[in-house]
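These notes concern the structure reproduced below.
Index from 1, following the sequence. Model, not experiment: these values are computed from the prediction.
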Amino acid sequence: MNLPLVIVLGGLTILTFWGFLAPRSQWRMLTGWSHRESTGGEPGAVIVGIHRLVAGIALVGLAVGGLSMVGGLFDPTAHAGVRVITDPVRVIWGSPDPSVVNRVFVPVNTAPAGLVREPTLRFQAVSAKHRSPGYLFSLADYARPHASRTDGYLGADPTIGLSALDTADIVVQVRADSRCTPQQVLVVESGTTIVIAVYYGRPAGEPLDTKALAAPCNPKAADDKASSVLIPIALGAAVAQRAVLTLEGTPISQADPT
């Protein structure tokens with residue numbers, strides 16, 4: 001609380017309220033002492049009316065200001081600082097921080113059966129030759145649940161000494177049910193467009209009861225039950241000026257590096 005401000009506003013309120021209720025009394029106390037007679041030069045009815053009007057308007061202003069200040073004192077959000085996100089990864093990809101699916105694979109060109117297509121949120125072009133954008137190469141690898149050699153996980157490990165980003169032309173972001181894993185990626189390229197879809201499934205061999213078997217991957221999983229991943233994809237050519245689209249032909253947003 002700003003105590004000096006409260007004291008000043010309190011004093012002004014008292015003086016203004018006095019001037020509104022008894023303007024002649026206020027004049028005698030504050031100005032009348034300077035005259036030979038305390039009633040000498042006392043303002044007329046018109047001046048008193050104007051004085052009271054101005055005091056009334058001032059009272060309204062002080063009341064509004066006071067209520068605003070009191071409201072701010074009891075509003076828990078009024079004192080919470082605005083959190084400015086400065087982490088470049090959070091700025092570009094949002095929260096939670098994404099991890100990289102460090103797998104190489106051959107995309108399919110038709111939708112696979114038995115898997116759930118997850119929304120593709122953003123993309124960013126990659127230059128493997130220049131290892132750009134550099135921050136991608138420092139992100140953590142995605143750790144899949146119930147990992148095994150036969151769990152249906154997408155593709156295969158890259159050559160020793162390399163990462164999937166070293167052969168990629170684009171990364172796409174998917175935020176999906178954390179119980180599931182990426183298992184297939186559909187890519188259809190033309191000279192002007194790149195169509196991409198990502199499919200998830202429950203890990204093969206995962207110990208499931210009847211209830212879990214009836215609950216496939218949830219494409220609308222809540223944030224606390226979802227993971228954010230970046231999937232590196234090798235294309236037939238660089239992204240360049242080609243449009244990156246969903247299966248429905250809707251543009252996928254380009255991640256803004258600014």
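Applying the salt bridge (charged side-chain N to carboxylate O under 4.0 Å, His left out) definition to pairs two or more places apart or across chains, none involves residues 105-114. Counting only residues at least two apart or on different chains, the disulfide bond (SG atoms under 2.5 Å apart) pairs with a member in residues 160-199 are Cys180-Cys217. Within the structure, disulfide bond (SG atoms under 2.5 Å apart) pairs that include any residue of residues 102-177 do not occur (at least two apart or interchain).
The salt bridge (Lys or Arg N to Asp or Glu O under 4.0 Å) test applied to Arg103 returns Asp157, not counting sequence neighbours. Considering only residues two or more places apart in sequence or on other chains, Asp97 meets the salt bridge (Lys or Arg N to Asp or Glu O under 4.0 Å) condition with Arg90. Residues forming a side chain to side chain contact (heavy atoms under 4.5 Å, CB included) with Thr110 (at least two apart in sequence, or on another chain): none. Considering only residues two or more places apart in sequence or on other chains, Ser148 meets the side chain to side chain contact (heavy atoms under 4.5 Å, CB included) condition with Thr150, Asp151. Under the salt bridge (Lys or Arg N to Asp or Glu O under 4.0 Å) criterion, Asp166 pairs with Arg131, sequence neighbours left out. For Arg117, the salt bridge (Lys or Arg N to Asp or Glu O under 4.0 Å) partners are Glu248, not counting sequence neighbours. With sequence neighbours excluded, the residues forming a side chain to side chain donor-acceptor pair (under 3.5 Å) with Ser228 are Gln173, listed by chain and number.
Atom CG in Leu139 sits 8.5 Å away from atom OG in Ser99 (nearest 0.5 Å). Rounding to the nearest 0.5 Å places CG of Leu230 at 12.0 Å from CG of Asn102. Of the inter-residue distances, the one linking Leu136 atom CG with Ser127 atom OG reads 11.5 Å to the nearest 0.5 angstrom. In this structure, Ser95 OG and Arg175 CZ are separated by 7.5 Å, a value rounded to the nearest 0.5 Å.
Residues Pro158 and Thr167 form no side-chain contact, since every pair of their non-hydrogen atoms from C-beta on lies 4.5 Å or further apart. Annotation: side chain of Pro133 is in contact with side chain of Gln124 (closest heavy-atom distance under 4.5 Å). The shortest side-chain heavy-atom distance between Pro232 and Val100 falls under the 4.5 Å cut-off. Taking the side chain as every heavy atom from C-beta outward, Val171 and Val126 approach each other to under 4.5 Å.
The backbone N or O of Asp177 sits nowhere less than 3.5 Å from a side-chain atom of Asn218 that would complete a donor-acceptor pair. Put simply, the side chain of Ser190 gets close to the backbone of Thr193: a donor and an acceptor are under 3.5 Å apart. With hydrogens and angles disregarded, a donor-acceptor distance shorter than 3.5 Å links the side chain of Ser178 to the backbone of Lys225.
Gln183 and Thr181 are linked by a side-chain donor-acceptor pair at a separation below 3.5 angstrom, with hydrogens and angles left out of the test.
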Begin from the C-alpha positions of Glu189 and Arg242 and carry the test salt bridge (charged side-chain N to carboxylate O under 4.0 Å, His left out) through to its verdict. CA-CA 9 Å; Glu189 296 184 66; Arg242 291 187 290 175; 2.9 Å; yes
Given side-chain contact (heavy atoms from CB on, under 4.5 Å), test Arg202 with Arg179 step by step and report yes or no. CA-CA 7 Å; Arg202 298 292 287 264; Arg179 302 171 303 167; 3.2 Å; yes
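In the hydrophobic clustering, where aliphatic and aromatic side chains (Ile, Leu, Val, Met, Phe, Trp, Tyr) are joined below 4.5 Å either directly or transitively, Leu247 groups with Val108, Leu115, Leu186, Val188, Val195, Tyr199, Leu245. Under a 4.5 Å side-chain heavy-atom cut-off, the cluster of Ile, Leu, Val, Met, Phe, Trp and Tyr residues that includes Ile233 is completed by Val101, Phe105, Phe123, Tyr142, Tyr153, Leu154, Ile170, Val172, Val174, Val185, Val187, Ile194, Ile196, Val198, Tyr200, Val229, Ile231, Leu235, Val239, Val244, Ile252.
Closest heavy-atom contact between Gly152 and Ala204: N-CB, 4.4 Å.
Residue Val91 is not grouped with residue Leu121 when hydrophobic side chains (ILVMFWY) are merged at heavy-atom distances under 4.5 angstrom, including chains of intermediate members.
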